[in-house]
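Here the structure comes first, spelled out in structure tokens, and everything after it is commentary.
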Amino acid sequence: MNKNSLPKIPNIDEVIHSPARLAIMSILSIVKEADFVFLLHATQLTRGNLSVHLTKLEKAGYIEIEKTFRGRLPLTICRLTPKGLSAYETYRKSMLDFLNMNK
């Protein structure tokens, strides 16, 4: 295999590429919205770790976070923004194209 035949690695969105943030984005691309506890169980992250990753995604404009209450209990709802959905779809397509290149 020569240098010219090597597959070109796609530009990778580093915000999404983290395994934890990729899991969050993947979940949120399937459901309309998810609360913190659902994401906690689905990703198997710790509360602190999930919170950090959600904050990074929110700062990138990929998710919106709504803090409210259900009765007296705090409730944190997360959902993808249009920018986040677009970024996720672009990331997903780039990675699939790259992984399928040699088939």
Side-chain angles (χ1 to χ4, degrees):
M1 186 177 274
N2 65 37
K3 183 178 177 181
N4 293 333
S5 66
L6 292 174
K8 184 177 182 302
I9 297 174
N11 290 332
I12 294 175
D13 186 329
E14 295 295 332
V15 174
I16 297 174
H17 194 63
S18 154
R21 291 190 294 273
L22 179 56
I24 294 165
M25 295 290 287
S26 296
I27 292 164
L28 292 177
S29 74
I30 296 168
V31 299
K32 180 179 175 184
E33 60 186 27
D35 68 30
F36 187 87
V37 175
F38 177 85
L39 290 172
L40 188 67
H41 292 294
T43 61
Q44 305 222 333
L45 297 170
T46 64
R47 288 180 178 274
N49 205 352
L50 177 57
S51 182
V52 167
H53 289 295
L54 290 175
T55 299
K56 287 182 182 182
L57 290 168
E58 183 181 39
K59 284 183 180 176
Y62 290 174
I63 67 169
E64 57 185 27
I65 298 174
E66 177 186 346
K67 294 186 181 258
T68 185
F69 287 89
R70 180 178 291 153
R72 293 183 180 179
L73 298 175
L75 180 65
T76 301
I77 302 291
C78 304
R79 61 185 67 86
L80 282 182
T81 62
K83 177 182 177 182
L85 181 58
S86 177
Y88 175 75
E89 289 299 328
T90 299
Y91 173 88
R92 186 175 173 277
K93 184 181 179 327
S94 294
M95 292 305 292
L96 285 172
D97 288 348
F98 176 72
L99 294 171
N100 290 322
M101 192 173 292
N102 290 323
K103 284 189 172 184

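Since the structure is predicted, the reported quantities are computational estimates derived from the model, not experimental observations.
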Shortest non-hydrogen separation from Thr81 to Gly61 and the atoms involved: OG1-O, 2.5 Å

Pairwise side-chain contact, [X] with [Y], heavy-atom cut-off 4.5 Å (strictly under):
X: Tyr62; Y: Ile24; result: no
X: Glu58; Y: Leu54; result: no
X: Leu50; Y: Leu39; result: yes

[X] side chain vs [Y] backbone, donor-acceptor pair below 3.5 Å:
X: Ser86; Y: Pro82; value: no
X: Ser51; Y: Arg47; value: no
X: Thr76; Y: Phe36; value: no

[X] with [Y], same ILVMFWY side-chain cluster at under 4.5 Å:
X: Leu85; Y: Val31; value: yes
X: Val37; Y: Leu45; value: no
X: Ile27; Y: Leu75; value: no
X: Phe98; Y: Leu22; value: yes

Which side chain to side chain donor-acceptor pair (under 3.5 Å) pairs, counting each pair once, include a residue from residues 20-41, with sequence neighbours left out?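 Matches after skipping sequence neighbours: Arg21-His53, Ser26-Tyr88, Glu33-Arg79.
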
Verify side chain to side chain contact (heavy atoms under 4.5 Å, CB included) between Leu28 and Cys78, making sure each step is shown before the conclusion. CA-CA 8 Å; Leu28 292 177; Cys78 304; 4.2 Å; yes

Measure the spacing between OH of Tyr91 and CD1 of Ile16 and express it to the nearest 0.5 Å. 7.5 Å

Measure the CD1-CE distance between Ile30 and Met25 for me, rounded to the nearest 0.5 Å.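 Separation between the atoms: 12.0 Å.
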
With Leu57 as reference, evaluate Ile63, Leu80, Ile65 under the side chain to side chain contact (heavy atoms under 4.5 Å, CB included) test and give the passing residue. Ile63

